[in-house]
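Notes follow the structure.
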Amino acid sequence: MAKRAGVRILPISICGLHRFMPTSAIMPLVTPRGIVVRIHPPIDTAGRSADEVLEETYAAIASGLPADQLPIAPINQSATDEGGMEKDS
């Protein structure tokens, strides 16, 4: 989407929110405290494949997370998403 629009991606890491907002909750369970938001440098999409941009964005977000929130395994997707739709290249 960002490539198609010709804009950069701004990766943001949000740390600690999972304690107050589980995936099953519509609203936070309590008022969140101690949340850390890290804004990373913008990522250019021009002249790059969707896979390159995806990997760099994923790495940037993961770099801002504490050890207990790091992903279990790195993302490993091809140029198509799970629904078989072709991504922008």
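What you see is a predicted model, and the numbers here were worked out from it, not measured in a lab.
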Using modelled atom types only, decide if a donor and an acceptor are shared between the side chain of [X] and the backbone of [Y] within a distance under 3.5 Å.
X     : Y     : answer
Arg38 : Gly64 : yes
Thr45 : Gly6  : no
Glu52 : Ser49 : yes

Test side chain to side chain contact (heavy atoms under 4.5 Å, CB included) applied to Val30 and Phe20, step by step | CA-CA 6 Å; Val30 295; Phe20 306 101; 3.3 Å; yes
Search all heavy atoms of [X] against all heavy atoms of [Y] and return the closest pair with its distance.
X     : Y     : result
Ile9  : Ala2  : CG1-CB, 3.7 Å
Leu70 : Ala62 : CD2-O, 3.3 Å
His40 : Ser13 : NE2-OG, 2.7 Å
Arg48 : Glu56 : NH2-OE1, 2.5 Å
Arg8  : Asp44 : CD-OD1, 2.6 Å
Ile14 : Gln69 : O-NE2, 3.8 Å

Drop me the distance from Leu10's CG to Thr57's OG1, to the nearest 0.5 angstrom.
-> 10.0 Å
Enter the distance from Cys15:SG to Asp68:CG here, rounded to the nearest 0.5 Å.
-> 9.0 Å
Quick check on the hydrophobic clustering: are [X] and [Y] connected, directly or via other members, by side-chain heavy-atom contacts under 4.5 Å?
X     : Y     : value
Leu65 : Val36 : no
Val37 : Ile61 : no
Ile39 : Leu17 : yes
Ile43 : Val7  : no

